[in-house]
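Counting convention: from 1, in listed order, for ligands and their atoms alike.
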Amino acid sequence: MTMKAQDNYLLFIDGEFVQASTEQSMTTADPATGTPIAQFAAATSADVDRAVQAARESLSAWQANSPVERGRIVHRVAELVREHADDLARIESLDQGKPLDQARSDVDDAVRYFEYYAGVADKLEGKSVPRGSETFDMTCREPYGVSGQITPWNFPLSITARGVAPALVAGNAVVVKPAPTTPLSALHFAELCREAGIPDGVVNVVTGGAEPGAALSSHDDVDQLTFTGSVPTGEAVMKSAAETITPVTLELGGKNPAIVMPDADLDEAAFWVATGIFTNAGQICSAADRALVHESVYDEFVDRLVDRAESYTLDAGVDDPDMGPLNHADHFETVLDYVDTGVTEGATLETGGEPLDRDGYFLPPTVFTAVEPEMRIAREEIFGPVLSVIPFADREEAISIANDTEYGLTGGVFSRDIKQALRLARDIDAGSVYVNEWFGGSIETPFGGTKKSGIGREKGVEALESYLQTKNISVNLDEKHR
Ligand code: NAD
């Protein structure tokens, strides 16, 4: 069976594609041309109610499977996603704009999330707690119930898989709300979940904009929320979750520092920083947004970086260039405004900054030098292929600039001196630090932020903490009151 983008999409609730409660639909467009790809249903809060109810009612069937069986079914999802990897990658590339090769890598990540968590399903053990001879005390780990998951548009399928796979193996049911500019891959994925034997109602997808997102995050029958997106929306989600005392995992933005020390291999550092900021057209929360470069190697590093930046090919994602377009028109405007801001603030535009003279939302790799730490381009998340290069004089200054931000998602160090590199890694205030690479870590390693970059960790075994709660059972062995 070939999987292709359709002209029209419905909501996926209780194991089937269903009409939304109103006729309203939205359009998703090809970011390389601006032309519509498909219409999809705009869910209302009534549709979110239906999806949450279906999820609630599915729990007994899902939890009736033994952990081994749940793991097998979840593994079957991995197999089906792998079987359809080329088609899913093409749909993702078309809808999101990313190069086909990167979309394919995202699909491979989705496969890995399902394989990885499938293997954990039968290892979610509790503990016994020593409390003396008259008590037997144990803990068991139980699912929350219904998990509401709101996803962004930069990694639509892989972020969906990142949240859904651990939620499922832990015995939860999920309602996913994809971003309105990239709804397609999640809907195709839901169909594969059904084919894999996931019971009806365990995986639901409600498409639309802020309305279904807000309805999900304020729903009093949702037991746990996983949100990935911007800080302002994360704040709104957390506020509404507070009304129902619902736990939240928040994966928010970043303004991540890459520190280049004077002893770094500059070719290697330039390669990784370019990869870190230009991959996915910079639309990555963990991107290398700020290069902090020692003043003694500043010019040499910038030369290497600019060479790399100018070598990128840009084209429609499906034509598999080095870089695709930005995802949608509003975001394109925001990123172009930041380029203007950088120029107005007095930074030097070394390369890029001019959109391509063609349809679609193409901005070439853009590098600003002579950036001061207090400039907006050095402080705010741009979420585009725009790098700020900031000089520093010594290690103390590097750390002080690196940590002078409201974010704390990732950071990086480039140095040949292991002691220096590890000291810096220790001192950077972030959830992940990369040494002599960027985008280190993988499916198996915990990922998340400090400060405004979020709450909780995704990926790895640690992610399961978001989807399981601990029950303590205390048993009285004392026979004296018998
Ligand atoms: P966004 O906050 O605008 O939207 C995220 C999701 O929230 C979308 O599905 C959106 O429809 C939904 N939403 C909008 N209003 C809502 C509301 N009031 N209540 C509930 N949901 C609502 O973010 P975005 O622009 O799609 O994504 C970009 C942001 O995501 C960047 O800041 C980026 O750093 C962040 N991000 C973080 C990670 C991470 O793992 N830390 C990963 C990817 C993206």
If you measure from each non-hydrogen atom of Leu409 to ligand 1, which part falls under 4.0 Å: side chain, backbone, both or neither?
side chain

Select one of side chain, backbone, both or neither to describe which atoms of Lys239 lie under 4.0 Å from any atom of ligand 1, heavy atoms only.
neither

Give the contacting part of Thr228 toward ligand 1: side chain, backbone, both or neither, where contact means a heavy-atom distance below 4.0 Å.
both

Check: Ser388 side chain, Ile377 main-chain N or O, donor-acceptor pair, under 3.5 Å
yes

Per-atom filter on ligand 1: closer than 4.0 angstrom to a heavy atom of Thr151 are 6 (C), 8 (C), 9 (O)

Between Val237 and ligand 1, which part of the residue brings a heavy atom under 4.0 Å of the ligand: side chain, backbone, both or neither?
side chain

Proximity to ligand 1 by part of Pro232, non-hydrogen separation under 4.0 Å:
neither

Compute the minimum heavy-atom distance from Gln149 to ligand 1 and say whether it is under 4.0 Å.
no

Among all the protein's heavy atoms, is there at least one whose distance to atom 11 (O) of ligand 1 comes out below 4.0 Å?
yes

Which one holds for Glu381 and ligand 1: side chain close, backbone close, both close, or neither close, with close meaning a heavy atom under 4.0 Å?
side chain

Short list, please: which atoms of ligand 1 are under 4.0 Å from a heavy atom of Pro178?
9 (O)

Out of Cys285, Ser453, Ser286, who gets a non-hydrogen atom closest to atom 42 (C) of ligand 1?
Cys285

Ile159 heavy atom under 4.0 Å from ligand 1:
yes

Winner among Thr233, Leu252, Thr410 once heavy atoms are compared against atom 22 (C) of ligand 1:
Thr233

Which class fits the ring pair Phe17 and Phe12: parallel under 30°, tilted 30 to 60°, perpendicular over 60°?
perpendicular

Only heavy atoms count here, so choose which of Pro183, Gly229, Ala210 is nearest to atom 29 (C) of ligand 1.
Gly229

Parallel, tilted or perpendicular: which describes the rings of His331 and His328, with under 30° parallel and over 60° perpendicular?
tilted

Does even one non-hydrogen atom of Pro180 get within less than 4.0 Å of ligand 1?
yes

heavy-atom search around atom 20 (C) of ligand 1 in the protein gives Gly213 C, 3.2 Å

Nearest non-hydrogen contact with atom 28 (C) of ligand 1 belongs to which option: Phe155, Tyr407, Phe447, Phe383?
Phe383

